[in-house]
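Here is how names work: the chains are called A, B, and so on, in the same order as the sequence lines, proteins then strands, and each is numbered from 1.
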There are 2 protein chains.
Amino acid sequence: MTQASSSPALAQTDQRLPLHARVKDDLIRRVRANEWGSTTPLPPESALAEAYAISVGTLRRVLAELAADGILERHQGRGTYVRRATFQHSLFRFFRMQGGTGQTPGSRILERNTQNAPAHVAAALNVKEHSAVLHLHRLRLWQDTPFLIENIWLPLPQFQPIAEISLDELGSLLYPEYEKRIGLIIGSATEELSVTQATDGQAVLLNCISGDPLVKINRTARTHTGDVAEYRESHGLASSFRYQVEIN
Amino acid sequence: MTQASSSPALAQTDQRLPLHARVKDDLIRRVRANEWGSTTPLPPESALAEAYAISVGTLRRVLAELAADGILERHQGRGTYVRRATFQHSLFRFFRMQGGTGQTPGSRILERNTQNAPAHVAAALNVKEHSAVLHLHRLRLWQDTPFLIENIWLPLPQFQPIAEISLDELGSLLYPEYEKRIGLIIGSATEELSVTQATDGQAVLLNCISGDPLVKINRTARTHTGDVAEYRESHGLASSFRYQVEIN
DNA sequence: AAGTGGTCTAGACCACATA
DNA sequence: ATGTGGTCTAGACCACTTG
């Protein structure tokens with residue numbers, strides 16, 4: 001007996017792919033569509049398997065892969081949940097912050113203004129050149145010592161609420177503000193590391209000498225659907241930066 | 001019917017762990033022990049499952065995990081193989097080498113001598129300070145342009161054969177030479193990235209100005225058993241370095 | 001006690017590589 | 001043609017969490 005037609009839930013997936021791959025694609029789509037908040041569990045294995053008209057074994061395989069990919073979290077007895085982005089692997093983590101443990105760094109907003117997007121910002125944000133963007137210039141501090149200069153660009157009018165709230169409310173963490181003010185959740189990001197030399201202005205802010213090597217980190221942050229929501233350029237003292245990788 | 005005792009093959013593994021974890025541990029041990037060269041396949045699923053006295057399904061789960069971890073490679077119809085370290089993810093890859101595709105960079109040995117290990121080298125190689133080590137000083141070239149300075153330290157007497165062969169034979173790739181001359185296979189490595197400024201000597205070799213920012217990469221390479229086999233420090237022009245990560 | 005995911009089994013059938 | 005891994009199923013039993 002061959003399987004003449006599969007579950008309607010899989011209508012939009014590529015029929016040439018094996019079942020487990022099609023189910024995985026569909027679940028990723030549903031997670032991106034925000035079908036489950038991070039506090040509501042996915043349906044149990046049995047229900048999902050029935051809905052997709054596949055066996056529990058096959059579904060389990062898919063869920064295990066999604067958990068391995070960091071998209072889901074599974075807890076025996078509690079359920080399966082969508083994993084919130086933690087950005088544990090951001091390159092920022094590798095600036096050595098002397099003497100502290102797990103506290104969040106402080107931050108001071110130096111400037112907030114509306115700009116016409118410069119070419120490279122427009123390209124990163126995927127908007128037209130010279131279109132209106134919100135620009136934040138921010139200094140991050142560790143125990144009152146500045147260690148990172150950030151320039152952040154956000155597309156308008158989408159981020160207009162961020163342009164209007166008081167600077168005090170733009171506390172150290174921006175992503176929770178995006179979520180609270182405009183219901184936008186950052187799902188992933190790409191970071192690129194390169195090395196530059198401090199300009200006069202940067203030297204003053206970072207308390208170093210003009211020309212000192214800086215590590216520059218460009219981050220493009222996206223929503224679950226893949227739309228670019230934020231672009232930022234950060235500069236920190238290269239002397240306090242260490243990055244380690246395992247290779248196999 | 002309960003399973004009174006498991007396969008003798010699992011005698012050395014932790015009995016509190018689930019079966020699949022114990023089998024995985026044992027297979028990792030056997031891979032490290034070099035039981036299968038990279039050209040001889042592992043026994044087929046059916047044989048392995050029988051040897052461990054577990055079902056094929058459970059064994060398949062273990063093999064899939066090992067493949068996901070990059071330890072094994074599986075090919076439908078051909079078999080399961082131990083994966084050779086390719087070092088595709090080495091940080092070296094991120095020096096932008098203008099205009100070339102997949103060719104290997106050239107290399108020129110500037111010096112080869114025997115030293116008493118300086119403190120930081122001894123620490124990295126896990127040998128006593130001042131013990132004898134072989135030191136290689138090498139320049140790596142891309143289309144006849146130098147882009148990387150390497151200093152490599154190898155413990156003696158283990159690497160004595162490398163001290164004796166002609167410099168011509170120390171071609172661009174060292175790891176195949178280690179394998180051929182002393183039967184030593186590099187299985188993994190740790191790399192650490194930091195930023196320095198060019199000394200006068202480095203500036204001459206890299207054709208830059210003294211004080212220019214350099215990217216420094218320290219690599220500690222290990223055998224399958226985890227013993228440190230090589231330590232190297234490499235310096236390249238920061239201006240030609242770009243490194244990109246995805247974060248979730 | 002009920003419901004969740006975790007472990008393990010047994011076997012059918014398919015797709016690919018090699019000789 | 002044979003043997004390899006890949007897909008998928010069906011179901012038993014266990015461990016953990018919560019009310």
Base, sugar-phosphate, or nothing for A/Ile54, non-hydrogen atoms under 4.0 angstrom? sugar-phosphate
Side chains of B/Ser107 and B/Arg140: is there a donor and an acceptor less than 3.5 Å apart? no
Please report, rounded to the nearest Å, how far the P atom of C/dA10 is from the CG atom of B/Leu19. 12 Å
Does the plane of the ring in B/Tyr175 sit parallel, tilted or perpendicular to the ring in B/Tyr178? Use 30° and 60° as the thresholds. tilted
A/Ser55 side chain, from C-beta outward: closest of D/dG6, C/dC8, D/dT9: D/dT9
State which of C/dT18, C/dT9, D/dT9 makes the closest approach to the side chain of B/Thr58. C/dT9
Out of C/dT4, D/dG6, D/dA10, which nucleotide sits closest to the side chain of B/Arg74? D/dG6
Paired with B/Leu174, the side-chain contact (heavy atoms from CB on, under 4.5 Å) test is passed by just one of B/Glu150, B/Glu179, B/Arg232, namely B/Arg232
B/Gly77 vs A/Arg61, nearer the 5' end of DNA chain D by closest nucleotide: B/Gly77
Between C/dG6 atom P and A/Glu65 atom CD, what is the distance in whole Å? 14 Å
Which heavy atom in A/Lys24 sits nearest to a heavy atom in A/Val62, and how many Å separate them? CA-CG1, 3.7 Å
For atom OH of A/Tyr52 and atom P of D/dT9, their distance in whole Å: 14 Å
Let me spell it out: for each of A/Arg78 and A/Leu59, pick the nucleotide of DNA chain D with the closest heavy atom. Which residue's pick is nearer the 5' end? A/Leu59
How far does OG1 of B/Thr190 sit from CG of B/Asn218, to the nearest 0.5 angstrom? 11.0 Å
Rounded to the nearest angstrom, tell me the gap between atom OH in A/Tyr81 and atom C1' in D/dT18. 10 Å
Distance check needed: C/dT4 P versus A/Leu63 CG, whole Å only. 13 Å
Minimum-distance nucleotide to A/Glu45 side chain [options: D/dT7, C/dT9, C/dG6]: C/dG6
Just call it for A/Thr80: base, sugar-phosphate, or nothing, with non-hydrogen atoms closer than 4.0 Å on any strand. sugar-phosphate
Please report, rounded to the nearest Å, how far the P atom of D/dT9 is from the CZ atom of B/Arg60. 14 Å
What integer distance in Å separates B/His20:NE2 from D/dC13:C1'? 15 Å
Nearest-Å distance for atom pair CG/P, residues A/Leu48 and D/dC8: 16 Å
Any donor-acceptor pair under 3.5 Å joining the side chain of A/Gln76 to the base of D/dA15? yes
